[in-house]
Amino acid sequence: MKQIKTDVIIIGAGLAGIYTALNIDSQKRVDIIVKESLIVTNSNLAQGGIAGELDFIQENIDAHIDDTLKAGSFLNNKEAVKVLVTEASENINKLMNFKVDFDRDEYGEILLTKEGGHSTRRILHIGGDSTGKDIMKALKKECFTRENIHIHENMMALELLHRDNSCFGVSCLNNGTETIEFIAQNTILATGGIGNIYGSTTNSAIATSDGIGMAYRANIKLEGLEFIQFHPTAFHNEFSKSRFKFLISEAIRGEGAYLLNSEGERFMKKYSPLLELAPRDTVSQAIYREMYDTWTDHVYLDTRHLGEKYLKNRFPTIYNHLKTENIVMGKDLIPVSPVQHFNIGGIKVDLNGQTSMNSLYANGECASNGVHGANRLASNSLLECIVFGNRIANDINNKKSHKIDFEGHIEQYHSYKYNYKPIKKKLGTTMDEYVGIVRTKEGLLFAKKIVLKMKKNLNKYPNNSKAYYEALNMVQTALIIIDSALNRKESIGCHYRIN
Ligand code: SIN
């Protein structure tokens, strides 16, 4: 079996992986593995922007900390929030050094927008609404100039290699056929989200919770998996059968758009004095209530008072997408509904991204450092990737290399010719129905029964394929989400229980 020895192996090439790689000492070899192509990541889809106070005015820093804590229902790790906010400026400036070009006005001043839960304008953006895509473009370009960074596409991570609670790398499937082991001094999980566990999500198709699945099988500590964030405004196309739902950025509400129910009523006044700019959990729960009360499966985003010309210029990606759906922003109402968007909990890490296993780090959506509490403040996630990615890189840079004494092995399973699509589909409908915005004990127990059966079947017929491991990661994570949701009996943040 092929083995590659390296200083750092990073699993995932979204912002959490790539930014960390760029901050690792150029003397160290870094390998990044990505299960499809470099362009398929959740980071690429981020529209609204990246939150951050660029000056060092204490009042502004305190306000960002305060907004993050309030949005998270104060369940956040306060130390982590302080780190996130105070190290924003240093890391956003680093992005600019990597030629990330934020939108500016005619005087060269950076333009800032607002989203739900923010008391002020502090969100930087690019191309109006293509922030993630443009950040990733600049960083990938930078990566290609670095001789120490090696990128491997179509490389599916299977299992962490570990012994005595120390990690030695990861086993992988290259191009669906060849098994490879990366033996590494340091391993970083940056595998992104879990969206495809649900039947409707804003996440890309690669978001199948691979990092959390691998961590679970290696007995690594996880936390907060009951906190699944539903974005209030995904585009609602009643004819679409796709799991992927197009995001209509919260920044549009930040620029003044309203939400209307099917009766044409601006309903948010019934739920929060912050109206459409209440934190995301409040808005999603309010929409759910309105849909329930009016027997519909969507509400509307009203942008008509903002004007087509302004919207076309400010939100070109969304404007052009809606055009393909025969909707003109600024003229037509936009049908929207809440769908799964972000996983708040995950692999438990400390302030340097260190997991409960030695030499194993986690960053980004698969990790949980406590910054988001019970509900993430909008646009804090790209910030989290860079602040904690920088900390992980510093921690690794300060470590001495050690001799690795590890003989890995990959279990050779039978190759059963199974189709995992039906499991994935059933998992999606089960999670949407019983583990969504509103949860009940009966619903959670019913979902658990269905998902346990799936897990049993998967365990019975193990398979060395990408599709098998994706299904396994999704089903194992779904069970952890259900158990966590059953254990947390009170409603808080985006975990809402009615019994
Ligand atoms: C959005 O643009 O609405 C999404 C931003 C985020 O999830 O933070």
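Side chains are part of it too, since the values below use all heavy atoms of this structure and drop only hydrogens, waters and symmetry mates. Note that ligands are numbered from 1 as they come in the structure, with each ligand's atoms numbered from 1 the same way. All residue numbers in this chain count up from 1 along the given sequence. In this text the structure is predicted, and so the values were computed from the model without any measurement.
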Worksheet item: Considering only heavy atoms of Glu250, which atoms of ligand 1 have at least one such atom less than 4.0 Å away?
Response: 1 (C), 2 (O), 3 (O)
Worksheet item: Under 4.0 Å from any heavy atom of Glu115, which atoms of ligand 1 are there?
Response: 1 (C), 2 (O), 3 (O), 5 (C)
Worksheet item: Between Phe342 and His231, is the gap from one ring center to the other below 6.0 Å?
Response: no
Practice prompt. Within a distance under 4.0 Å of any heavy atom of Ala378, pick out the atoms of ligand 1 and give their elements.
Written response: 8 (O)
Discussion item. Can you list everything that forms a ring pair (Phe, Tyr, Trp, His ring centres under 6.0 Å) with Phe246? Sequence neighbours excluded, please.
Written reply: His321
Worksheet item: For ligand 1, does Arg253 get within less than 4.0 Å through its side chain, its backbone, both, or neither, judged by non-hydrogen atoms?
Response: neither
Worksheet item: What class does the angle between the rings of Tyr271 and Phe267 fall in, given that below 30° is parallel, 30 to 60° is tilted and above 60° is perpendicular?
Response: perpendicular
Discussion item. Quick check on the 6.0 Å ring-centre criterion: do Tyr198 and Phe230 meet it?
Written reply: yes
Practice prompt. Output yes when the distance from some N or O of ligand 1 to some N or O of His231 is under 3.5 Å, and no in every other case.
Written response: yes
Fill in: Per-atom contacts, ligand 1 versus Gly48 - under 4.0 Å to a heavy atom
2 (O)
Worksheet item: Does ligand 1 have an atom that lies less than 4.0 angstrom from a heavy atom of Arg376?
Response: yes
Fill in: Pairs satisfying salt bridge (charged side-chain N to carboxylate O under 4.0 Å, His left out), at least one member in residues 325-338, at least two apart
Glu308-Lys331
Fill in: Closest approach of any protein heavy atom to atom 4 (C) of ligand 1, naming residue and atom
Arg280 NH2, 3.5 Å
Worksheet item: If we only count N/O pairs under 3.5 Å, is Leu247 in contact with ligand 1?
Response: no
Worksheet item: Would you say Arg146's side chain and Leu22's backbone share a donor-acceptor pair under 3.5 angstrom?
Response: yes
Worksheet item: So Arg391 and Glu87, salt bridge (Lys or Arg N to Asp or Glu O under 4.0 Å) or not? Walk me through it.
Response: CA-CA 10 Å; Arg391 285 183 153 245; Glu87 294 179 17; 2.7 Å; yes
Worksheet item: Can you check whether Asn196's main-chain N or O pairs, donor with acceptor, with Arg243's side chain at less than 3.5 Å?
Response: yes
Practice prompt. With heavy atoms of His341 as the reference, note each atom of ligand 1 found under 4.0 Å away.
Written response: 4 (C), 6 (C), 7 (O)
Discussion item. Counting only heavy atoms, tell me which of Ala51, Ser379, Pro232 gets closest to atom 8 (O) of ligand 1.
Written reply: Ser379
Worksheet item: What residue and atom, counting heavy atoms only, is the protein's closest point to atom 2 (O) of ligand 1, and at what distance?
Response: Ser249 OG, 2.7 Å
